[in-house]
Amino acid sequence: MPLVTTTEMFKKAYNGGYAVGAFNVNNMEIVQGITEAAGELNSPVILQVSKGARAYANHTYLVKLVEAAVAENPQIPIALHLDHGDSFELCKSCIDGGFTSVMIDASSKSFEDNIALTKQVVEYAHAHGVVVEAELGTLAGIEDEVCVEAGNEAYTRPEEVEEFVARTGCDSLAIAIGTSHGAYKFTAAQCTRNEEGILVPPPLRFDVLEEIVKKLPGFPIVLHGSSSVPQEFVKMVNAYGGNMPDAVGIPESQLREAAKLAVCKINIDSDIRLAMTGNIRKYFAENPSHFDPRQYLKPARQAVKEMVAHKIVNVLGSDNKI
């Protein structure tokens, strides 16, 4: 099937009590690993491209890689989504360039300015058959062009969501309930330590999510900053020359719980990068004379595939849902 929007994906996910994984892509190996896992598990999937990814790999190359993945996996629904678009011009470029979904992130602006910019993007997108994700509330952390210092984040205010959705016409809403961008999502002061000395982040604000669900029944909710930062890959990176102290993510059990509610899309980024980097570092340590990218990118691609398969089955619950 051709690229699809997220409309039908989210409707099925909402009613089925699962979420669709949204994975950021930057190169061929990441695209292959994600879509091979989704294809084998009969799972819908969203491939996300950030502003930074477009600058790194070029819009055309990324779109053609995704088109190749669609051709190789014709049985599964695949959406191509702009992650954290920060301007009308960027969203328009992606809409005109073949994306089926865009995010306009005006969460750093005032409520009225957020509405105005989001509505502008929605009107253009809908006229071209593309859906729009908006954001209300801000997440801490760093992800490509997004950078919000800890302490400056703001939970989504449930009392604002009805008006925001009604006035903008957006198709899904990214909210802030305690997730955070990047691999270093929380400061040590925000966390406790378990018996193994690993940081344990504060729990997600399910009370905020539940209030939003009451205000927007049946409306698809999105969670950004939802990588779990698996400690086995943090240890692998550190064991082979890396230096990633106190990298901690969102517990998978909490993400699964969110997926059973109104959360229809969960963004996963850092986990893929950790899996790739850890395995590449390990490969070079064990094979110091190798220099062919095919040699070290093959196990890295396999690590991405296994990571995504785990997320689909154990976190998203989206396997066999097409």
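- Residue L223 is tested with V263, L209, I250 for a side chain to side chain contact (heavy atoms under 4.5 Å, CB included); the sole match is V263.
- With salt bridges taken as basic N to acidic carboxylate O contacts below 4.0 Å, none links E160 and R167.
- Within 6.0 Å of CZ in R157 there are 12 or fewer heavy atoms belonging to other residues, nucleotides or ligands.
- The backbone N or O of I322 lies less than 3.5 Å from no partner atom in the side chain of N42, so there is not a single donor-acceptor pair.
- When K311, H310, Q254 are each tested for a side-chain hydrogen bond (donor to acceptor under 3.5 Å, both in side chains) with S228, only one passes: K311.
- Other residues, nucleotides and ligands place more than 12 heavy atoms under 6.0 Å from the CD atom of Q295.
- E133 and K265 are joined by a salt bridge, as a carboxylate oxygen and a charged side-chain nitrogen come within less than 4.0 angstrom of each other.
- Across A37 and A309, no two heavy atoms sit closer than the pair CB-N, 3.9 Å.
- V102 approaches C91 most closely through the heavy-atom pair CG1-O, 4.1 Å.
- Remark: side-chain polar atoms of K321 are paired, donor with acceptor, to backbone N or O of D319 under 3.5 angstrom.
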From CA spacing to verdict: side-chain hydrogen bond (donor to acceptor under 3.5 Å, both in side chains), R54, S93 | CA-CA 11 Å; R54 288 178 92 230; S93 175; 2.9 Å; yes
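- Judged by distance alone, with hydrogens and angles left aside, the side-chain atoms of S87 form a donor-acceptor pair with the main-chain N or O of L90 at under 3.5 Å.
- Residues D96 and Y124 bring a donor and an acceptor atom of their side chains to less than 3.5 Å of each other.
- No donor-acceptor pair under 3.5 Å is formed between the side chain of N267 and the backbone N or O of S226.
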Could you walk me through whether Y155 and D207 pass side-chain contact (heavy atoms from CB on, under 4.5 Å), step by step?
-> CA-CA 11 Å; Y155 292 119; D207 58 324; over 6 Å; no
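- Between the T168 side chain and the I115 main chain, no donor and acceptor come within less than 3.5 Å of each other.
- With contacts defined as side-chain heavy-atom distances shorter than 4.5 Å, the pair I175/L136 does not qualify.
- Put simply, the side chain of T100 gets close to the backbone of L80: a donor and an acceptor are under 3.5 Å apart.
- The shortest distance between side-chain heavy atoms of F99 and V49 falls below 4.5 Å.
- A salt bridge is absent between E159 and K215: the closest approach of a Lys/Arg side-chain nitrogen to an acidic carboxylate oxygen does not fall below 4.0 angstrom.
- For the residue pair V20 and P44, the shortest heavy atom distance occurs at CG1-O, 3.8 Å.
- A salt bridge links K64 to E67: one of the charged nitrogens lies within less than 4.0 Å of a carboxylate oxygen.
- Under a 4.0 Å N-O distance rule, the pair K214/E211 qualifies as a salt bridge.
- By the 30° and 60° cut-offs, the orientation of the rings of Y283 relative to H290 is tilted.
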Take H126 and V122, measure what side-chain contact (heavy atoms from CB on, under 4.5 Å) needs, and give me the verdict at the end.
-> CA-CA 6 Å; H126 285 183; V122 167; 3.4 Å; yes
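- Closest approach of A300 and N279 over heavy atoms only: CA-CB, 4.3 Å.
- Side-chain atoms of Y14 come within 3.5 Å of backbone atoms of G218 as a donor-acceptor pair (strictly under, hydrogens ignored).
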Step by step, work out the side-chain hydrogen bond (donor to acceptor under 3.5 Å, both in side chains) result for H224 and E135.
-> CA-CA 10 Å; H224 285 251; E135 182 164 337; 4.6 Å; no
Evaluate side-chain contact (heavy atoms from CB on, under 4.5 Å) for Q48 paired with N24, printing each intermediate quantity in order.
-> CA-CA 4 Å; Q48 296 195 151; N24 284 65; 2.8 Å; yes
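- For the pair M236 and R281, the minimum side-chain heavy-atom distance is 4.5 Å or more.
- For the pair F206 and L261, the minimum side-chain heavy-atom distance is below 4.5 Å.
- A heavy-atom distance below 4.5 Å is found between the side chains of P158 and V208.
- Side-chain contact between V304 and E29 is absent, with no heavy-atom pair separated by less than 4.5 Å.
- Counting heavy-atom neighbours within 6.0 Å of F111 CZ, excluding the residue itself, gives a total above 12.
- Between the side chain of Q231 and the backbone N or O of V229 there is at least one donor-acceptor pair closer than 3.5 Å.
- Contact between T35 and I76 at its shortest, heavy atoms only, is O-CD1, 4.3 Å.
- Contact annotation: the side chain of L255 never approaches that of L316 to less than 4.5 Å [non-hydrogen atoms, C-beta and beyond].
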